[in-house]
*Asks:* 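Pasting in a structure now, in structure tokens, and then I'll have a few things to ask.
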There are 2 protein chains.
Amino acid sequence: MVLDGSLEPGARLRETEYSNRLGIARHTFRAATQILIGEGLLRRSPNRGVQLAVLDSDDITDIFRLRAALELEAVRLVIEAGTELPDAEHAVEQLNNLPESASWRSVVDADMAFHRAIIDGAGSERLARAYDSVQSEILLCMAQLRPHYDKPSQVARVHRELLEPLAKGDLELAEKRFRAHLDKATENLTDALKAQEEVAAGHPGDILPQSAVA
Amino acid sequence: MVLDGSLEPGARLRETEYSNRLGIARHTFRAATQILIGEGLLRRSPNRGVQLAVLDSDDITDIFRLRAALELEAVRLVIEAGTELPDAEHAVEQLNNLPESASWRSVVDADMAFHRAIIDGAGSERLARAYDSVQSEILLCMAQLRPHYDKPSQVARVHRELLEPLAKGDLELAEKRFRAHLDKATENLTDALKAQEEVAAGHPGDILPQSAVA
DNA sequence: TATCGTCGAATTGTGGAACAATCTACCAGC
DNA sequence: GCTGGTAGATTGTTCCACAATTCGACGATA
């Protein structure tokens, strides 16, 4: 529910309400929320329960800053070790084979799989764990903002260009391209956020449900 | 208890035992462990409860790899923004003022404070959160391994050398020095681990309590 | 009318008991 | 010695209870 956009950003998750709705005990619900809090998807304030995280443009910048740090370290490790990345190449292939009319979701999935493959290629358990957390937040962003996506072929091309310097072992170029790519993504998301805020401007203090901006 | 070395690495934390000992309910203990699991200090296997993490030399390398990624990104951000780091300088000063006979703990604290100050200086909430997690693991390492530490004046000197390129805005030199420093720390810890394992070799499969190696 | 304080309801945080599912250790039998 | 089963321990979850805190409505006062 948190990640599929069916909850409004900032929504308060009352324990009795949600434990009843999900058919689980209140304790169990609390345990579940605790895990999500650890992943940064929910926030808890003492005696005031948990809320779905609200992401402003600073948060987006921040998420992608950490994402950049992690991915670039992964890139460094992959190049140093000369690791092959079949999963990443597979993801590019998949993007390339998607029809222009492909669903938003399938493009996002392939995109995510590509970046995930690079992290996994680095072979660092903790890098991967930290990336789990940012990836969750990115998914939350995506679910809430539904940013613009280029055509699959375009996305495929960009990602192939990311992979190129990795295969050649050119760290400097790889770093440059990844930073550019991630900066672009940040821009896309902040733009989407700005657009959403403008739509919501007519209802000050009110946050539109997903359906209103999709 | 997890961080002060009073628990053996790999120790299983039985719910009834510890909730009784701590005078809290089993539910409350479970909630507490869930938080520590999120920080990577405890591990949970389904139906087998939680254990204190056991860190082998691969884990140490891995922890410091992530640490390096985070600190270097922080360094980058600090240099880009030209941020002043009074807390870091204060930590160096503190190290410098410590007597040669200073307690192990006080050196560790000042060392930690120095690196923390750089992370905080970057002004990224999520970088700081990710660093919290590795810092906890580092503390766990330290508590379990008690690695060798140089004299405070020596430690102060090394850290002043880290700060230097930050003030001058020399990213390349900063990166080089930080990597060298962190690689050295990794080596220290893996050496300490190896030494501990050799001591424990007489008791195969057995892990010595802290007191036996301190 | 607007602001403030008070009180009651709702909600969270924690405790306690219970029970099914699972794991562990021990024991008997082959 | 290995296998299978059985009993006890442990975890995961549920239900109920209650103190502490917060939220919200109401009414008093300026």
Side-chain angles (χ1 to χ4, degrees), chain A residues 1-4 6-56 125 129 132-133 136-137 140 200 203-209, chain B residues 1-4 6-56 125 129 132-133 136-137 140 200 203-209:
Chain A
M1 286 173 68
V2 168
L3 288 182
D4 72 5
S6 64
L7 294 171
E8 298 179 22
R12 183 170 168 188
L13 305 183
R14 266 170 257 269
E15 298 183 353
T16 48
E17 179 186 343
Y18 279 84
S19 56
N20 286 337
R21 186 186 297 184
L22 300 170
I24 59 179
R26 199 156 70 91
H27 278 301
T28 311
F29 179 74
R30 281 175 65 85
T33 56
Q34 188 58 54
I35 294 172
L36 266 24
I37 289 167
E39 291 180 17
L41 296 178
L42 300 177
R43 306 286 162 85
R44 152 165 286 135
S45 1
N47 288 310
R48 290 216 255 155
V50 297
Q51 292 184 207
L52 189 52
V54 188
L55 302 168
D56 63 19
E125 181 191 328
R129 218 165 54 200
D132 279 341
S133 184
S136 296
E137 287 203 272
L140 183 62
H203 314 265
D206 195 353
I207 293 161
L208 289 180
Chain B
M1 288 172 67
V2 168
L3 288 182
D4 71 6
S6 65
L7 295 171
E8 299 179 21
R12 183 169 168 189
L13 305 183
R14 268 171 256 269
E15 298 183 353
T16 48
E17 179 186 343
Y18 279 84
S19 55
N20 286 337
R21 184 187 297 184
L22 300 170
I24 59 179
R26 201 155 70 92
H27 279 302
T28 311
F29 178 74
R30 281 175 66 84
T33 56
Q34 187 58 55
I35 294 172
L36 298 180
I37 289 166
E39 291 180 18
L41 295 178
L42 300 177
R43 305 287 162 85
R44 152 165 285 136
S45 1
N47 287 311
R48 291 216 256 154
V50 297
Q51 290 184 209
L52 189 52
V54 188
L55 302 168
D56 62 19
E125 181 190 328
R129 219 164 54 202
D132 279 341
S133 184
S136 296
E137 287 202 272
L140 183 63
H203 314 264
D206 196 353
I207 293 163
L208 289 182

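The chains referred to below are lettered A, B, ... by the order of the sequence lines, with proteins before strands, and numbering in each begins at 1. Since this is a predicted model, take the numbers as computed values, not measurements. Values reported hereafter were calculated over all heavy atoms of this structure, with side chains retained and with hydrogens, waters and symmetry mates removed.
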*Asks:* Exactly one of A:Leu7, A:Val2, A:Leu42 should register a side chain to side chain contact (heavy atoms under 4.5 Å, CB included) with A:Leu140. Which one does?
*Replies:*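 Only match with A:Leu140 under side chain to side chain contact (heavy atoms under 4.5 Å, CB included): A:Val2.
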*Asks:* Assess, by modelled atom type and distance only, whether the side chains of B:Gln51 and B:Arg44 contain a donor and an acceptor separated by less than 3.5 Å.
*Replies:*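 B:Gln51 vs B:Arg44: no donor-acceptor pair found between side chains.
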*Asks:* Produce the list of close N/O pairs, under 3.5 Å, pairing protein atoms with atoms of nucleotides 10-14 of chain D; give distances to one decimal.
*Replies:*
residue	atom	partner	partner atom	Å
D:dT10	O3'	B:Arg12	NH2	3.4
D:dT11	OP2	B:Glu15	N	3.2
D:dG12	OP1	B:Asn47	N	3.2
D:dG12	OP2	B:Arg30	NH1	2.7
D:dG12	O6	B:Arg26	NH2	2.7
D:dT13	O4	B:Arg26	NH2	3.1
D:dT14	OP2	A:Ala25	N	2.9
D:dT14	OP2	A:Thr28	OG1	2.2
D:dT14	O4	B:His27	NE2	2.7

*Asks:* If you compare all heavy atoms of B:Glu8 against all heavy atoms of B:Leu52, which two are closest, and at what distance to 0.1 Å?
*Replies:*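 Taking every non-hydrogen atom into account, O-CD2, 3.3 Å.
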*Asks:* Report the residues that fulfil side chain to side chain contact (heavy atoms under 4.5 Å, CB included) with B:Ser133, sequence neighbours left out, ordered by chain and then residue number.
*Replies:*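 Per chain and number, B:Ser133 pairs via side chain to side chain contact (heavy atoms under 4.5 Å, CB included) with no residue.
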*Asks:* Specify the separation, in whole Å, of atom CD of A:Gln51 and atom C1' of D:dT22.
*Replies:*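 In whole Å, D:dT22 C1' lies 13 Å from A:Gln51 CD.
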*Asks:* Rounding to an integer number of Å, can you tell me how far A:Gln34 CD sits from C:dT14 P?
*Replies:*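 Value for this atom pair: 11 Å.
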*Asks:* What distance separates A:Glu137 CD from A:Leu55 CG, expressed to the nearest 0.5 Å?
*Replies:*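 Separation between the atoms: 6.5 Å.
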*Asks:* What integer distance in Å separates A:Asn20:CG from D:dC16:P?
*Replies:*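 So the CG-P distance, A:Asn20 to D:dC16, works out to 11 Å.
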*Asks:* So do the side chains of A:Leu22 and A:Thr28 get within less than 4.5 Å of each other, counting heavy atoms only?
*Replies:*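 They are not in side-chain contact.
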*Asks:* Would you work out how much the helix from C:dT1-D:dA30 to C:dC30-D:dG1 bends between its ends, with each end axis defined by five base pairs, to 10 degrees?
*Replies:*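 Overall, the helix from C:dT1-D:dA30 to C:dC30-D:dG1 bends by 20° from one end axis to the other.
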*Asks:* Quick one: does NZ or CZ of B:Arg21 land under 6.0 Å from the six-membered ring centre of B:Tyr18, within 45 degrees of the ring axis?
*Replies:*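 Yes - B:Arg21 lies over the ring of B:Tyr18, closer than 6.0 Å to its centre and within 45° of its axis.
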*Asks:* Begin with the C-alpha distance, continue with both residues' side-chain angles, and end with the deciding distance and a verdict on side-chain contact (heavy atoms from CB on, under 4.5 Å) for A:Arg30 and B:Arg30.
*Replies:* CA-CA 11 Å; A:Arg30 281 175 65 85; B:Arg30 281 175 66 84; over 6 Å; no
